Each structure stands twice: as structure tokens, then as C-alpha cells.
Amino acid sequence: MRATQFFISTQKEAPIDAELISHKLMIRAGLIKKLGNGLYSWMPLGLRVLRKVENIVRDEMNKAGALELLMPAVQPKELWDETGRWAVFGPQMLKIKDRHERDYCFGPTHEEVITDIVRREINSYKQLPINLYQIQTKFRDEIRPRFGVMRAREFLMKDAYSFHTSFESLENTYQDMHQAYSNVFTRLGLKFRAVKADSGAIGGDGSQEFHVLADSGEDALAYCENSDYAANVELAEALPEGKIRGASSATIQDVETPKQTQCEDVAKLLGISVTQTVKAIALVASEKFYLALLRGDHNLNEVKTGKVLGDFRFATEEEIRANINCPPGFIGPVGVNQNVTVIADKTVALMSDFVCGANKPKYHLSGVNFGRDLPEPSVVADLRNVVEGDSSPDGKGKLSLCRGIEVGHIFQLRTKYAKAMNATYLDENGQSQVLEMGCYGIGVSRIVGAAIEQGSDEKGIIFPKSMAPFELVICPIGMDKSEQVKKIAFELYENCKKNGIDVLLDDRGERPGVMFAESDLIGIPHRIVVGERGLAEGKVEYKARTSSEAHNLLLNEVTSFIQSKINA
RNA sequence: CGGGGCGUAGCGCAGCCUGGUAGCGUACUAGUCUGGGGGACUAGUGGUCGCAGGUUCGAAUCCUGCCGUCCCGACCA
């Protein structure tokens with residue numbers, strides 16, 4: 001591609017509303033343009049990157065035996081009523097009406113549509129298993145779109161759906177998809193990790209997420225250094241230390257804590273470890289008032305808590321005062337009335353001689369013990385987020401934490417959708433059976449942002465070679481002054497093209513600084529500079545995007561050298 | 001949806017408090033000089049100051065409402 005026949009529109013300054021480095025650089029490099037909240041146009045340069053990602057995803061899906069199809073983006077309400085998800089998805093689904101006032105949505109996902117296709121077309125066990133996928137635009141009316149294409153409302157997704165006669169068959173395909181996903185992210189050149197995950201609104205039984213590792217990621221991940229255990233913190237099991245509660249030795253007493261409302265401050269005042277304190281979090285679920293007990297240094301895990309209480313919310317200050325007659329900051333589980341249900345994290349349940357709120361302003365209690373000073377908690381469950389150093393649930397060491405960007409998610413849906421939509425087949429015995437189902441998503445457009453989070457420097461984007469918009473840029477210097485430079489640059493360009501190199505010839509006649517700054521900004525991995533200086537010796541200059549040093553190449557070795565770099 | 005901020009040229013901003021000629025940087029156009037890391041100079045193009053009301057002789061500026069957008073909390077590829 002010649003730059004004069006292409007469209008490059010870089011900016012020196014990033015828009016003020018861009019927070020993440022990837023968002024800033026994608027705007028500055030002119031890969032995307034914002035149209036509205038969570039809506040982005042992919043400019044020709046950005047689309048080249050997106051297509052490269054898409055093609056790798058497609059290739060690996062095909063290799064794994066999945067079949068590509070394309071379903072409508074707009075879907076009728078009736079299908080969603082069959083599974084009850086018209087209501088469940090709620091405002092996240094963009095609902096629209098046609099001219100006849102019929103209800104439709106712009107598809108946020110396609111379980112219903114694919115299940116409808118399969119129940120009509122698949123009748124026999126002989127046709128199974130089958131794995132169908134598409135790469136298509138989705139729309140989810142996110143509560144808070146942000147970070148450019150990382151959390152856009154409209155985005156490009158690869159979604160695959162498999163159907164089976166047995167759970168065993170589903171597990172096989174699930175493993176195949178797991179491998180295919182690993183292949184995709186490896187080929188893309190990304191540092192990633194597969195983790196156990198919560199299934200969320202999609203539902204089903206087992207699920208795993210694939211995360212690109214980045215400090216800016218929105219998800220916290222826990223993993224074990226000594227084993228392959230890894231899970232989203234939403235799900236990662238938090239084990240208590242030890243198995244039995246220590247004996248009580250202290251007597252319960254009031255301690256004055258005039259200003260200390262947080263466990264850390266109380267611990268500091270008393271000169272004890274924060275791990276000897278217990279915090280009580282007031283929650284309301286189904287109109288009932290709960291106190292959730294956590295160790296002072298632990299945090300409530302809302303996904304886990306939701307599994308215990310169902311839909312819940314934090315209590316308001318008024319509700320707290322009404323139920324325990326005490327302002328927040330000094331509340332605790334001792335001496336509460338019958339309206340209050342105390343639930344405890346597993347770690348708390350094993351604590352003895354602990355410190356907690358006294359249910360009167362400016363006081364805490366120390367030396368508190370279950371069974372003696374207050375009843376055993378009504379429920380003991382895993383309610384907290386794991387922290388660095390917790391024991392790994394597989395018993396093989398300690399957990400570490402890192403952050404990730406979710407770029408893929410695979411689910412074993414089992415019969416959730418097939419049952420709701422009556423998707424059946426006839427087995428070998430002529431019996432009607434419900435289909436087993438799996439589904440597998442990759443956020444194609446998100447991957448571009450995630451890759452930039454992993455690869456950039458002060459000059460701009462450092463794309464992995466798999467996704468760079470061009471593999472090579474040729475920068476002729478003083479092209480309009482030197483016929484020789486121009487001639488050689490064009491010859492090199494033609495030669496590279498002939499050899500299958502994805503090359504950009506910067507024939508705009510820009511000054512060298514501009515060409516260098518822009519090609520670095522957009523992340524082209526390899527650069528050849530053609531100038532009179534080098535040509536006098538029959539040489540051109542090569543520099544890698546990631547290297548600070550350049551070196552000379554003989555003209556006749558350029559294409560083979562670049563090819564070796566690209567294939568390395 | 002709750003809390004906070006911001007809407008002035010493609011992008012980044014000043015002007016608003018104290019009402020009276022709409023400005024700066026960058027980008028863009030033309031020319032000259034330049035020519036190995038976003039170069040210099042000169043001359044230009046480009047804005048119904050988010051929208052609608054109101055106050056006023058006069059509103060980017062003051063008041064009211066609406067809309068958009070961003071940040072902090074609950075969703076997801």
C-alpha cells in the first residue's frame with residue numbers, strides 16, 4: 001500500500017476523555033473514530049488490524065472443526081420470551097420496534113437464534129455433534145461504556161455454539177475450544193491466562209474466561225504459582241487458614257474508639273493486627289436485614305454473597321439505625337435482635353478473641369467469641385474475595401493476584417436453552433432427547449485494545465507482528481529531491497509486495513521526523529529507510545520498532561531479511 | 001440509576017467571575033526556506049460559543065430548563 005493512496009490521520013494529542021493508554025493511542029493513531037457513547041468507526045488503518053485478528057480467530061475456529069454461519073443482528077422478541085431472557089437481560093438489551101410496532105432487539109448474543117436454527121434443522125443424532133460460529137457485530141447497552149473499544153456498546157464478537165448428544169461429547173468440544181482459544185491468543189502474541197469463571201447472565205454450569213494480562217484490566221484474577229489453578233476473583237474459593245477455631249482466652253470488654261470506624265484504625269489504636277478484627281456489613285435481601293461478617297482486612301465478594309442471599313443490596317444508613325440502633329462504623333454482631341440475621345465468612349467462623357463493633361457509638365468490643373458472647377452465625381459461607389497469600393483451593397500452594405482483560409469466555413450451557421426452547425433430536429433408539437449445548441465467545445474488537453495495553457511505549461503502539469496494520473514501512477528520505485531514492489524506494493516496495501510482505505510505502509514526501517513518528521505511533525514492526533547517504537554504498541537502513549538501534553542492509557538482501565524477521 | 005465535572009474551529013485549550021470586536025496552540029491550504037525523529041517564516045481556510053427559553057439596548061459570559069459527554073459506584077466479550 002502506498003501512503004498517498006491510503007488514509008492515515010494521526011493526532012499529536014489524545015482527547016481528554018481517553019483514560020487508558022490503548023484508548024489514547026488508538027485515537028491518536030487514527031485506528032478508530034468516536035461517533036457517540038460506546039460507538040466507534042474503524043478507520044481503514046484500524047480495520048486492517050481488526051481484520052487480522054478476525055482472520056486468526058476464524059482460522060483457528062475452522063481448524064477446530066467449527067462451521068461459520070451468519071445470523072441476523074436484529075432478533076424478534078418472541079424467541080427471547082421462550083427463554084425468559086427478554087426480561088432477564090433488561091436494559092442492557094437495545095429494544096426496537098418495526099413499522100408494525102412489533103418488538104425486536106439488536107442482538108446482544110445469539111443463544112436463542114442458534115437454538116432455533118438447530119431445533120428446526122437438527123433432527124438426528126447422526127447430525128451431531130455440531131459446532132457453529134459467526135463473527136458479527138453485537139450491541140449491549142452497557143451501564144457505563146468506557147475505555148474506547150474495550151467496553152464499547154457496539155463491538156465485534158466471535159460467538160460459537162456447539163450441540164451434543166451427551167455431556168461427554170460437550171466436554172470434548174469444550175476442551176477443543178479451550179485449545180483453539182489458547183492457539184488464537186498464542187498466535188496473536190498476547191500474554192494470557194485461562195481462569196475459572198462465574199457464568200453470569202449466560203448461565204449454565206462450567207465456564208472459563210480467557211484474560212489478556214494487563215494492570216489496567218477490569219478483572220482481578222487469582223492464580224497459584226505452583227499449579228495450574230487460576231480463577232477470576234469473583235469465583236476463586238477463599239479458604240480459611242486452619243480447620244478449627246482457636247480456644248477463647250480473653251474476656252469480652254468494651255474498648256473506647258472515639259473516631260475509629262474502620263477496622264484498620266481500630267487495630268492501630270489497640271495495637272493489634274487487623275486480622276484480629278471483624279467487620280460487619282449491613283445488607284438487605286428480600287426485605288430482610290443481614291449482617292455479613294468478614295475479617296477486617298477482607299472484602300465482600302458480591303457474586304458469592306449473591307449466591308447465598310439472592311439479589312441483595314447494601315443497607316442504607318437509616319435501615320442500619322432502624323435495625324440495630326447504632327450508626328455505621330460501630331456496628332457488630334453481638335446482642336442484635338431477631339430481625340438481624342448474622343452470616344459469617346468461613347474465615348471469621350474460625351476466629352476467636354476478636355474485635356468487632358459494639359453497637360453503640362464510639363465503642364468496639366474486644367475478646368469476643370462465638371458460642372460464648374454471641375450465637376454461632378446462622379450461615380457460614382465463602383463470602384469474601386481471596387487475597388494474596390491465601391491457600392490455593394487445590395492445596396498446592398499460595399494464591400497470587402493479577403489483573404486481566406476478559407477477551408474470551410467458554411461455557412458449558414448443558415440443556416438450559418435447549419430445554420427452554422424444546423430443542424431435541426432422535427437418538428439411536430428413536431427416543432426424543434434434549435440437546436446438550438456449549439457456547440464460546442471471543443471479543444474480537446476488544447482484543448485490539450487489550451493488545452495495545454500489553455504493547456506500547458512513549459512513541460506509540462507496539463503491535464505484535466500478527467496484528468500490525470502493516471508488517472513493514474519503507475521511508476524514502478528526500479524523495480522529491482533525489483530520483484535515485486525515489487526509484488530504489490519504489491523498486492523495494494514492488495519487490496516486497498511480490499514476496500508477500502504487507503508493506504507500506506510512505507511516498508507522501510513528508511519530512512523524516514514525521515514519517516518516523518507516525519510509523520512508530522501506529523506500531524509498524526519493521527522499517528526500512530532509503531536515503532542518498534546509504535545508497536552511495538548500495539545500502540539501506542533497517543530498524544525494528546522495538547529496537548533503538550538501526551543497521552544497514554545491502555539492497556539485494558532486504559526482502560529475504562525482512563521475511564526472516566517476519567517468520568521468526 | 002445515584003454522586004461530581006465538562007460542553008467555545010477536526011484535536012487540545014483560554015475568554016465567562018466583572019455582559020459590548022471570538023482568541024491561542026495544533027491540524028488544514030498556498031508560498032519560500034528546509035530536509036535523518038512531529039522544522040521555520042509569511043499569508044490564509046475553518047466556529048449559529050451544545051439546544052431552547054429568559055433577563056438586558058446588547059449574552060460565549062447572568063438565570064431557568066433540556067440534551068450530550070466524562071469521572072466514581074452496581075454489568076460483560
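If you're wondering where the values come from, they're calculated on a predicted model, not measured in any experiment. Each chain gets a letter, A, B and so on, in the order its sequence line appears, and its residues count up from 1.
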* Mark yes or no: A/Arg2 above the aromatic ring of A/Tyr493, with NZ or CZ under 6.0 Å from the six-membered ring centre and no more than 45 degrees from the axis. => no
* Structure fact -> Taking a pair to mean Watson-Crick or G-U wobble geometry with both distances below 3.5 Å, B/G47 pairs with none
* Asked: If you measure only the distance, is there a donor-acceptor pair under 3.5 Å linking the side chains of A/Glu549 and A/Ser547?
  -> no
* To do: Under 4.0 Å between any heavy atoms, over every strand shown, what does A/Lys543 touch: base, sugar-phosphate, or nothing? Just pick one.
  => base
* Give one of base, sugar-phosphate or nothing for A/Asp159, where a contact means two heavy atoms less than 4.0 Å apart. => nothing
* Side chain of A/Pro15 only, please: which of B/C11, B/G37, B/C76 is the nearest? => B/C11
* Could you tell me whether the phosphate oxygens of B/A27, OP1 or OP2, come under 4.0 Å of any side-chain nitrogen or oxygen in A/Lys12? => yes
* Using a cut-off of 4.0 Å on non-hydrogen atoms, how would the nucleic acid contact of A/Gly443 be classed: base, sugar-phosphate, or nothing? -> base
* Asked: Out of B/C1, B/G37, B/G39, which nucleotide sits closest to the side chain of A/Ile143?
  -> B/C1
* Quickly work out the A/Glu518 CD to B/G36 C1' distance and round it to whole Å. => 16 Å
* Among B/A74, B/C11, B/G38, the nucleotide that comes nearest once only the side chain of A/Glu302 is considered -> B/A74
* For the pair A/Glu302 and A/Arg313, evaluate salt bridge (charged side-chain N to carboxylate O under 4.0 Å, His left out) and give the outcome as yes or no after the intermediate values. => CA-CA 9 Å; A/Glu302 299 186 23; A/Arg313 60 177 172 80; over 6 Å; no
* To do: Take the protein atom CG of A/Asn552 and the nucleotide atom P of B/G36, then report the distance between them rounded to whole Å.
  => 16 Å
* Nearest-nucleotide comparison on RNA chain B, the residue closer to the 5′ end among A/Ile16 and A/Gly509 -> A/Ile16
* Would you mind telling me which of B/A74, B/G35, B/C76 lies closest to the side-chain atoms of A/Arg446? => B/C76
* Asked: How would you label the contact of A/Val444 with the nucleic acid (heavy atoms, under 4.0 Å): base, sugar-phosphate, or nothing?
  -> nothing
* Which nucleotide in B/A77, B/U34, B/G36 has an atom nearest any side-chain atom of A/Pro512 -> B/G36
* Asked: Taking the side chain of A/Arg140 as its heavy atoms from C-beta onward, which of B/G36, B/U69, B/C76 lies nearest to it?
  -> B/C76
* Asked: Separation of A/Glu111 atom CD from B/C76 atom P, in whole Å?
  -> 12 Å
* When we call it a touch if two heavy atoms are under 4.0 Å apart, what does A/Ser9 touch: a base, just sugar-phosphate, or nothing? -> nothing
* Structure fact -> Under a 3.5 Å limit on both distances, the Watson-Crick or wobble mate of B/C1 is B/G73
* Got a sec? Which of residues 44-61 of chain A come in under 4.0 Å of RNA chain B, heavy atoms? -> none
* For A/Arg151 and B/C76, is the shortest distance between a side-chain N/O and OP1 or OP2 below 4.0 Å? -> no
* **Ring-face cation contact, A/Trp86 with A/Lys95, 6.0 Å cut, 45° max** => yes
* On the 0 to 90° scale, with breaks at 30° and 60°, tag the A/Tyr40-A/His23 ring pair as parallel, tilted or perpendicular. => perpendicular
* To do: Rounded to the nearest angstrom, tell me the gap between atom CD in A/Glu218 and atom P in B/G73.
  => 10 Å
* To do: Please state whether the phosphate of B/G68, meaning OP1 or OP2, lies under 4.0 angstrom from any side-chain nitrogen or oxygen of A/Asn37.
  => no
* To do: Could you tell me whether A/Arg48 sits above the aromatic face of A/Phe470, with NZ or CZ closer than 6.0 angstrom to the six-membered ring centre and within 45 degrees of the axis?
  => yes
* Structure fact -> Between A/Glu234 and A/Arg146, the residue closer to the 5' end of RNA chain B by nearest nucleotide is A/Arg146
* Whether A/Phe185 and A/Phe192 hold their rings parallel, tilted or perpendicular, with breakpoints at 30° and 60° -> tilted
* To do: Among A/Leu20, A/Ile452, A/Leu45, find the one that has a side-chain contact (heavy atoms from CB on, under 4.5 Å) with A/Met26.
  => A/Ile452
* Sugar-phosphate only, base, or nothing, as touched by A/Ala152 at under 4.0 Å among non-hydrogen atoms -> base
* Asked: Where along residues 530-537 of chain A does a heavy atom fall under 4.0 Å from RNA chain B?
  -> A/Gly531, A/Arg533
* Polar pair under 3.5 Å, donor/acceptor by atom type, side chain A/Arg511, base B/G39 -> yes
* **Nucleotide of B/C71, B/A74, B/G36 approaching A/Phe516 most closely (side-chain heavy atoms)** => B/G36
* Structure fact -> Which of B/G37, B/G25, B/U69 is nearest the side chain of A/Glu13? It is B/G25
* Touch check for A/Asp141, heavy atoms < 4.0 angstrom, all strands: base, sugar-phosphate only, or nothing? -> nothing
* Answer with base, sugar-phosphate or nothing: what part of the nucleic acid does A/Glu541 contact at a heavy-atom distance below 4.0 Å? => base
* Atom CD1 of A/Ile32 and atom P of B/C11: how far apart are they, to the nearest Å? -> 14 Å
* At under 4.0 Å between heavy atoms, what does A/Arg153 touch on the DNA or RNA strands: base, sugar-phosphate, or nothing? -> nothing
* Asked: In whole Å, what is the span from the CD atom of A/Glu510 to the C1' atom of B/A27?
  -> 12 Å
* Whole-Å distance between B/C11 P and A/Lys33 NZ? -> 9 Å
* **Closest heavy-atom pair and its distance - A/Ala222, A/Val386** => CB-CG2, 3.7 Å
* Asked: Counting side-chain heavy atoms from C-beta on, which of B/G73, B/G37, B/C75 comes nearest to A/Arg144?
  -> B/G73
* To do: Under a 3.5 Å limit for both distances, which nucleotide forms a Watson-Crick or G-U wobble pair with B/G36, could you say?
  => none
* Asked: For B/C11, does either OP1 or OP2 sit under 4.0 Å from a side-chain N or O belonging to A/Lys24?
  -> no
